[in-house]
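Take a look at the structure below.
Please read these numbers as outputs of a predicted model, since none were measured by experiment. Residue numbers start at 1 and run along the sequence shown. Side-chain atoms are counted along with the backbone in the values below, which use heavy atoms only and exclude waters and symmetry mates.
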Amino acid sequence: MNPTPDTTAPAGNGGNFDPQQAAALLDQTTQQARRQFEPAQPWLLVIRGVVVLAVLGAVWLNVRGQHPYQYPTAAVIPFVIAFGVLNLIATLTVRRRATAGVSGRSRLRPAEIAVLTVIWVGVYVVMGVMIGAGVSDRIVYGLYPVTAPLILAGLAWAVITATRADWQSCGTGLAVAITGAVALAAGPAGSWLAAGTGLCVTLLGSAAVIVWRQRRSVVGP
């Protein structure tokens, strides 16, 4: 007669998991999956927050003593444009990687990517037209390039993510648009500092929410 298998052997000796061990393994796996598929990683958001504050803060230091306001020196403009383009690429790339292989409402549609791209590119095209039309430096090199991208892109992102019931990302988009509105009220020189501060706070806040959510998923029932 064959011996009856022992199903009560401890997991450390190659036996079956007991319910507590199985639950712990499930929690660990769930946490790893959340971190892998999170649309934005906290560390990346922190880095972007620090960089945007440094870049726009540098522009503010460059123009704060101008009376009347003219424009930032040519040395800082390329960094602002480069940051705007790289930030757009980073946002779309992280989102697409996070939803790779995922179908349905979580994935950005080509039309939505095109809308965001047109907004950022269109801002600079319109800026060129305004320069050619002789619009004042106060608007062309102060208020417009700081506030228009934030308000338009922020609202577009809020609408896109709201259609997916992604309320955290929707809130981020609204916060960006509000930052643009606050920058508009801060004047041509102050708008750079207001935008940098607002974006930094928004990105750091988003990182904190993600970390809190991840920790809650570990200790939750």
Side-chain angles (χ1 to χ4, degrees), residues 33-49 51-52 55-56 77-133 135 139-140 143-184 191 195-196 198-207 209-210 213-214:
R34 285 179 182 271
R35 288 177 178 174
Q36 180 178 359
F37 293 106
E38 193 71 55
Q41 297 299 322
W43 63 267
L44 180 59
L45 292 174
V46 171
I47 291 175
R48 288 166 66 184
V51 170
V52 71
V55 171
L56 298 186
I77 289 296
F79 291 99
V80 177
I81 296 175
F83 175 80
V85 173
L86 291 176
N87 186 64
L88 173 63
I89 294 173
T91 300
L92 297 179
T93 300
V94 169
R95 184 82 185 190
R96 292 183 67 179
R97 289 186 61 184
T99 57
V102 178
S103 60
R105 298 167 68 87
S106 299
R107 189 174 180 83
L108 283 178
R109 303 180 184 93
E112 293 167 341
I113 296 175
V115 168
L116 294 172
T117 303
V118 166
I119 287 175
W120 281 97
V121 174
V123 163
Y124 298 109
V125 172
V126 172
M127 183 175 176
V129 173
M130 293 170 66
I131 294 173
V135 178
I139 296 176
V140 176
L143 294 174
Y144 176 79
V146 185
T147 62
L150 298 183
I151 295 173
L152 295 176
L155 291 177
W157 186 254
V159 171
I160 289 172
T161 52
T163 62
R164 291 162 169 74
D166 183 356
W167 303 119
Q168 178 187 336
S169 297
C170 178
T172 300
L174 291 176
V176 170
I178 292 172
T179 295
V182 172
L184 183 62
S191 62
L199 290 175
C200 182
V201 170
T202 298
L203 291 167
L204 294 180
S206 297
V209 169
I210 292 173
R213 255 178 24 189
Q214 291 174 344

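Contact between V140 and M130 at its shortest, heavy atoms only, is CG2-CB, 4.0 Å. The nearest pair of heavy atoms linking A207 to P42 is CB-O, 3.7 Å. For the pair P145 and I139, the tightest heavy-atom approach, listed with the atom from each and the gap, is CD-O, 3.7 Å. Between L184 and L143 the shortest heavy-atom distance is O-CD2, 3.7 Å. Nearest approach of G180 to T147, heavy atoms of both residues: O-CG2, 3.4 Å. Residues A156 and I119 share a closest heavy-atom pair of CB-CD1, 3.6 Å.
Put simply, the side chain of V201 does not reach to within 4.5 Å of the side chain of T179, judged on heavy atoms. Between I210 and L45, some side-chain heavy-atom pair lies under the 4.5 Å cut-off.
For the atom pair CD of E112 and CD1 of I160, the computed distance is 5.0 Å after rounding to the nearest 0.5 Å. With values rounded to the nearest 0.5 angstrom, I131 atom CD1 is found 12.0 Å from Y124 atom OH. Note that CG of L56 is 9.0 Å distant from OG of S191, once rounded to the nearest 0.5 Å.
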Inset, instruction - Test I178 against T202 for side chain to side chain contact (heavy atoms under 4.5 Å, CB included), laying out the working first. - result: CA-CA 10 Å; I178 292 172; T202 298; over 6 Å; no
Inset, instruction - Would you please test V46 and L204 for side chain to side chain contact (heavy atoms under 4.5 Å, CB included) and show each step? - result: CA-CA 6 Å; V46 171; L204 294 180; 4.0 Å; yes
Inset, instruction - Could you walk me through whether T172 and T161 pass side chain to side chain contact (heavy atoms under 4.5 Å, CB included), step by step? - result: CA-CA 10 Å; T172 300; T161 52; over 6 Å; no
Inset, instruction - Please step through side chain to side chain contact (heavy atoms under 4.5 Å, CB included) for the pair V135 and Y144, ending with a clear verdict. - result: CA-CA 11 Å; V135 178; Y144 176 79; over 6 Å; no
